[in-house]
**Student:** 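This is the structure, below, for whatever I ask next.
The chains referred to below are lettered A, B, ... by the order of the sequence lines, with proteins before strands, and numbering in each begins at 1. What you see is a predicted model; the values in this text were computed from it and never measured.
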Protein chains: 2
Amino acid sequence: MIEQPDLRRTGRPTLADIARALGVSEATVSRALRGSPEISEQTRAAIRRVARELGYVPNAAARSLARQTSRTLGLLVPDVTDPIHALIVAGFGRAADSRGYTVIVMDGSRDEARRARSLRTLIEHQAEGIAFCSTPIPMREAIEEIRPAHAVFIMHEGADALSPSETPLGRMRADDEHGIRLMIEHLLALGKQRFSYVNGPDIASNRLRRNAILRSLEALGIEPRIREYSTGEEQADFETVARLVARERPDALLCYDDKMALNMLDALRREEVSVPDDLAVTGFDGIPFAAISNPRLTTVIQPADLLGETAAGALFDAIENGTPPPDITLPVTLAIRGSSRRRVPESGAGVAAPQAKS
Amino acid sequence: MIEQPDLRRTGRPTLADIARALGVSEATVSRALRGSPEISEQTRAAIRRVARELGYVPNAAARSLARQTSRTLGLLVPDVTDPIHALIVAGFGRAADSRGYTVIVMDGSRDEARRARSLRTLIEHQAEGIAFCSTPIPMREAIEEIRPAHAVFIMHEGADALSPSETPLGRMRADDEHGIRLMIEHLLALGKQRFSYVNGPDIASNRLRRNAILRSLEALGIEPRIREYSTGEEQADFETVARLVARERPDALLCYDDKMALNMLDALRREEVSVPDDLAVTGFDGIPFAAISNPRLTTVIQPADLLGETAAGALFDAIENGTPPPDITLPVTLAIRGSSRRRVPESGAGVAAPQAKS
DNA sequence: CTGTTAGCGCCTTCAA
DNA sequence: TTGAAGGCGCTAACAG
């Protein structure tokens, strides 16, 4: 009768079941299963065997309670559906996995209410570290609330709202400024003169990139004048901008990110603005699809998965060694591709399919 | 001295802190905070106030232990970086959020070892429901192991390995067969005759789609003969296939999914195979980028986010009402776009709107 | 090397 | 309406 675990409510065997089956104490089982050195090989083996037979799996909640530590990380992302965020999630997850941490990914953090709920959930789950990926800065109070969990920001959102001194919150970001500068230089080398920018959502990254364009032009002695366009995520918006572009004829169109640039490429096709002949179009991010579009998209590649990994790493350091999460800026790469080349040899006859080589 | 919570190790106030501050019992606080009706308005208000002041947040681990229920769902995906999986994650997460469940997303389930670890993690966290998204079937034993958690499969992987009778595991999938059939009919209407298929990874979805092509041809009285190509995720592979295609000249190239199709489009460009004039290329999935490629990609749109939502819904039902997760097949839509048109200039096509132009 | 004893924070009878 | 007591599954001293 005392042989088989009684499978209470959850139906899962516990330490007590194993202990009972072997006539040892729970503590011994606990130690053996965790590989504590102070257990004889014999008992350890026996315990392991029974544990396997019973299909024992430790209960994370109980462990977390007893150990006062959850080995859990939280990650807030505005939208997993965005390739750049997905890459960050992947990198973050890989790093966490390799260190034995569980990560709870909370999507939809762009929405105020949902973000607040997400944050609370993470706190309830005793997340030891939280990464805010391109998420609008939680008000100062929120930052207080998450203590003693450690926090880092991935990408630029939130970076401008806190003076670095007061709260040592890490920031992992790509060197957007430098990327933009490389881009501008490239476009100038191509002889471009009339720059325009398609704004993304009104968040820090967008402001940063936009301002970087102005500053780069200025630094290079060009009068920093750019035409700006705005757009939401609607297809109609891209069409509107495309029409404006067709009329105003800038010769370089920098877009907030690759997704927008790809959409613009599509919209411009219908306005019969030929890229790159009439107009150079560039993106930002380096998402995989940008490398196979037609024409392929010139862009600034940010090491998104590395950002994720780095953020997780910074959190580990903070959790395990008390090292305050640092500010880290990762390098970017300019990928020059078909969308910003000088006129490229055409091979198709009249059909609307610009051929991009390489 | 007994006024402020003593902030033990975790630094978070507990029920006991609130109770002490007010001179009531923990039980009362617990009830009040959970809105139990048997608490006077006065005490409830006082308790709520103090809780807020102290920044109290319930401890999920403790609650889960005491309540013997975690309100947690697990989701395994092979690769969040794949747009179709990201959509599923998003839909699943949204549904869970709206019902107050926390979801733990485990990425990288294509990797055997990582998948095993992920599954274990989910069990440790007492996930009450687990969704396997396009994840190679965990051996029968694994299925036993996850009990009493409920499980569903999203997409086709795993669907063929279990006889429906023995384990009532739900399956949420799109009607791939019908999608393929619509696609074949479309291509035949275009006068295509030499069909070819680019295989995806060796998983159920791929086999299913491939076989569906054969069956559709057969059903339509065509000799079910297709040329098959294989490819990994490497760019070199796409180039190889493109070269073969350029030599063998099929007139319709169906690809396992949109990602592959988009890559093929890119590779074919360099082989100077003109799409759709020389060759129709089609995808499967209906990822957003397929709608803005050049040419735009004809594809079968599956309701990915809905699949995610539905899977979550089925799990709720199983958890809360004991309803065994059903098998659900969601309808798909054929989106006819530029990559499979007869030579026609690109017209303004809506994103997901199947064009009925002849 | 192994057992005993206390909790971790919350919930849930059962009394009062 | 509120309190007291015990327990969820595991870990962490402290004994032996």
**Student:** Give A:Arg34 one of three labels, base, sugar-phosphate or nothing, depending on what nucleic acid heavy atoms sit under 4.0 Å from its own.
**Tutor:** sugar-phosphate
**Student:** Rounded to the Å, how far apart are B:Arg20 CZ and C:dG9 C1'?
**Tutor:** 12 Å
**Student:** Looking at D:dC8, C:dC10, D:dT2, which one has an atom nearest to any side-chain atom of B:Leu65?
**Tutor:** D:dC8
**Student:** If you only use heavy atoms from C-beta on, which nucleotide in D:dT11, C:dC11, D:dG3 is closest to the side chain of B:Ser25?
**Tutor:** D:dG3
**Student:** Using OP1 and OP2 only, check whether a side-chain N or O of B:Ser30 sits under 4.0 Å from C:dC11.
**Tutor:** yes
**Student:** Would you mind telling me which residue lines up with the more 5' stretch of DNA chain D, A:Ala62 or B:Thr43, judged by nearest nucleotide?
**Tutor:** B:Thr43
**Student:** Given C:dC11, D:dC10, D:dT2, identify the nucleotide with an atom nearest to the side chain of A:Thr14.
**Tutor:** D:dC10
**Student:** How long is the gap from CD1 on B:Ile130 to CD1 on B:Ile123, to the nearest 0.5 Å?
**Tutor:** 5.5 Å
**Student:** A:Glu41 CD to C:dT2 P: how many Å, rounded?
**Tutor:** 10 Å
**Student:** Just how far, in rounded Å, is P of C:dC10 from CG of A:Asn59?
**Tutor:** 16 Å
**Student:** Can you tell me which nucleotide in C:dT2, C:dG9, D:dA12 comes closest to the side chain of A:Ala27?
**Tutor:** D:dA12
**Student:** Please tell me if A:Gln68 has a side-chain N or O lying less than 4.0 Å from either OP1 or OP2 of C:dG9.
**Tutor:** yes
**Student:** Return the OG to CZ distance between A:Ser118 and A:Phe132, rounded to the nearest 0.5 Å.
**Tutor:** 10.0 Å
**Student:** Name the closest nucleotide to the B:Arg31 side chain, picking from C:dC14, D:dC10, C:dG9.
**Tutor:** C:dC14
**Student:** Which of these nucleotides, D:dC10, C:dC10, C:dG3, is closest to any side-chain atom of A:Pro58?
**Tutor:** D:dC10
**Student:** Side-chain N or O of A:Arg63 versus OP1/OP2 of D:dT11: is the shortest distance under 4.0 Å?
**Tutor:** yes
**Student:** Strictly below 4.0 Å, N to O, side chains only: are A:Arg117 and B:Asp97 in salt-bridge contact?
**Tutor:** yes
**Student:** Listed by chain and number, what are the salt bridge (Lys or Arg N to Asp or Glu O under 4.0 Å) partners of B:Glu38, not counting sequence neighbours?
**Tutor:** none
**Student:** Would you classify B:Ser64 as touching base, sugar-phosphate or nothing, given that sugar-phosphate means primed atoms plus P, OP1 and OP2, and contacts are heavy atoms under 4.0 Å?
**Tutor:** nothing
**Student:** In whole angstrom, what separates A:Ile47's CD1 from C:dT2's C1'?
**Tutor:** 10 Å
